[in-house]
*Asks:* 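Have a look at this one.
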Amino acid sequence: MALQLNHIYYMATPLNHHNQLLNQTLNTSYSRTTRSSSPFQVCAVSSTNGKELIQSGTVKPILAKDAALAMNSDGYKMLDIRPEWEREKARVKGSLHVPLFVADMDNSPLTLLKKWVHFGYIGLWTGQSFTMFNDDFLQQVEAQVPDKDDKLLLACGEGLRSVMAAAKLHGGGYTNLAWLAGGFNQSKDADFLDVEGTEKLQYATIGGVSYIFLKLLILLKAVE
């Protein structure tokens, strides 16, 4: 029997399903190192606020299997907040794009040391770049979506970054936000029929040595 990378199955009500995805997302280590005055504190505060917004119903959780209906029938626009190098691999056609994190181009000695440590512990295995918060995130979203009553479905790879984006946008005055529960990693091929890029959406966050293992598993037909 082939393994599935999106291997989470629930015997639960839809609400509990959303909460389980949310808790799983926030319990997953946030591996992207950021150059901020206090990056881990910022991540923790943002994700905690976002979790509260989702649990209270202020931000609506939407499963990947329901996302197309939400966009086609309920008027949601998808806002992809992944960095450019993930989006290039796979993206939903017509989705908006504003990255919450961007590549850190600082080459000071301290930052270069951090980049080297990041590469050894994370980058080599996952292919993830050393990033920093996009300080212009809110302003860039406002430029693309000036009406803050528009419905936005926030999407990323694993679901954590979009929780953080929800907190940021809600604080900036956006009133109709939804969260792609669990991110694209929880999606299946049939969930988004119009996908651009060279990879499947659920594989777009995978890089580095992990990507090589993934390709071997696909070749051996051990994953779907």
*Asks:* Do Glu158 and Thr205 come within less than 4.5 Å of each other through their side chains, counting heavy atoms only?
*Replies:*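 In contact.
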
*Asks:* Once side chain to side chain contact (heavy atoms under 4.5 Å, CB included) is applied, do any residues pair with Asn72, and if so which ones, sequence neighbours excluded?
*Replies:*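 Only Ala68 meet the side chain to side chain contact (heavy atoms under 4.5 Å, CB included) criterion with Asn72.
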
*Asks:* So, using side chain to side chain contact (heavy atoms under 4.5 Å, CB included) as the criterion, who are the partners of Ala166 when residues are at least two apart?
*Replies:*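 If we apply the side chain to side chain contact (heavy atoms under 4.5 Å, CB included) test to Ala166, skipping adjacent residues, the hits are Val59, Leu154.
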
*Asks:* Over all heavy atoms of both residues, which pair between Ala155 and Phe184 is shortest? Give the atoms and the distance, please.
*Replies:*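 Closest approach of Ala155 to Phe184: CB-CZ, 3.6 Å.
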
*Asks:* Sequence neighbours left out, what passes side-chain hydrogen bond (donor to acceptor under 3.5 Å, both in side chains) with Lys77? Give chain and number order.
*Replies:*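 Checked Lys77 against side-chain hydrogen bond (donor to acceptor under 3.5 Å, both in side chains); matches are Asp150.
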
*Asks:* Please report the C-alpha distance between Asp189 and Gln202 in whole Å, then the side-chain angles of each, then the deciding distance to 0.1 Å, and finally whether the side chain to side chain donor-acceptor pair (under 3.5 Å) criterion is met.
*Replies:* CA-CA 8 Å; Asp189 293 348; Gln202 56 267 45; 3.1 Å; yes

*Asks:* Which pair of non-hydrogen atoms, one from Phe192 and one from Val92, has the smallest distance, and what is that distance?
*Replies:*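 Heavy atoms of Phe192 and Val92 come nearest at CD2-CG2, 3.8 Å.
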
*Asks:* Looking just at side-chain N and O atoms, do Ser95 and Asp80 make a donor-acceptor pair shorter than 3.5 Å?
*Replies:*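 No - no donor-acceptor pair under 3.5 Å links their side chains.
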
*Asks:* Over all heavy atoms of both residues, which pair between Ile81 and Ser162 is shortest? Give the atoms and the distance, please.
*Replies:*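 Of all heavy-atom pairs spanning Ile81 and Ser162, the closest is CD1-N, 3.7 Å.
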
*Asks:* Could you check whether any side-chain heavy atom of His97 comes within less than 4.5 Å of a side-chain heavy atom of Gln144, counting everything from C-beta outward?
*Replies:*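 Answer no - side chains too far apart.
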
*Asks:* Does any non-hydrogen side-chain atom of Phe137 lie less than 4.5 Å from one of Lys168?
*Replies:*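 Lys168 reaches Phe137 side chain to side chain.
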
*Asks:* Consider side chain to side chain contact (heavy atoms under 4.5 Å, CB included). Of Thr175, Val141, Leu100, which one does Leu169 pass it with?
*Replies:*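 The passing option is Val141.
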
*Asks:* Can you name the residues that form a ring-ring contact (aromatic ring centres under 6.0 Å, His included) with Tyr76, not counting sequence neighbours?
*Replies:*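 ring-ring contact (aromatic ring centres under 6.0 Å, His included) check on Tyr76 returns nothing, list empty.
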
*Asks:* Mind listing the closest non-hydrogen atom pair of Ala90 and Ala204 along with its distance?
*Replies:*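 Minimum heavy-atom separation between Ala90 and Ala204: CB-CB, 4.2 Å.
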
*Asks:* Could you tell me which residues satisfy side chain to side chain contact (heavy atoms under 4.5 Å, CB included) with Gln139, sequence neighbours excluded, listed by chain and number?
*Replies:*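 Once residues adjacent in sequence are excluded, the partners of Gln139 under the side chain to side chain contact (heavy atoms under 4.5 Å, CB included) criterion are Asp136, Glu142.
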
*Asks:* Between Met71 and Met78, is there a side-chain heavy-atom distance shorter than 4.5 Å?
*Replies:*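 Answer yes - side chains close enough.
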
*Asks:* Using the ring of each side chain (for Trp, its six-membered ring), is Phe101 parallel, tilted or perpendicular to Phe133, with breaks at 30° and 60°?
*Replies:*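 Ring orientation, 0 to 90° scale: tilted.
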
*Asks:* Does a side-chain heavy-atom distance below 4.5 Å link Asn185 with Tyr203?
*Replies:*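 Contact flag for Asn185/Tyr203 side chains = no.
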
*Asks:* Answer whether the closest heavy-atom distance between the side chains of Leu79 and Tyr174 falls below 4.5 Å.
*Replies:*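 No - every pair of side-chain heavy atoms lies 4.5 Å or more apart.
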
*Asks:* Tell me if a side-chain donor or acceptor on Lys148 pairs with a main-chain N or O of Gly172 at a distance below 3.5 Å.
*Replies:*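 Such a contact is found between Lys148 side chain and Gly172 backbone.
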
*Asks:* Can you give me the closest heavy-atom contact between Arg82 and Leu201, atom names plus distance?
*Replies:*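 Looking at all heavy atoms of both residues, the shortest contact is NH2-CD2, 4.4 Å.
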
*Asks:* Nearest heavy-atom pair of Cys156 and Arg161: which atoms, and what distance?
*Replies:*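 Heavy atoms only, the tightest pair is SG-N, 3.7 Å.
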
*Asks:* For His170, enumerate each residue passing the side chain to side chain contact (heavy atoms under 4.5 Å, CB included) test, keeping only those at least two apart in sequence or located in another chain.
*Replies:*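 Once residues adjacent in sequence are excluded, the partners of His170 under the side chain to side chain contact (heavy atoms under 4.5 Å, CB included) criterion are Leu53, Thr58, Leu177.
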
*Asks:* With rounding to the nearest 0.5 Å, note down the distance linking CG in Asp66 to CG in Leu180.
*Replies:*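 Result: 10.0 Å between the selected atoms.
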
*Asks:* Mark yes or no for whether Glu86, through its side chain, and Gly157, through its backbone, hold a donor-acceptor pair below 3.5 Å.
*Replies:*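 Between the backbone of Gly157 and the side chain of Glu86 there is no qualifying donor-acceptor contact (under 3.5 Å).
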
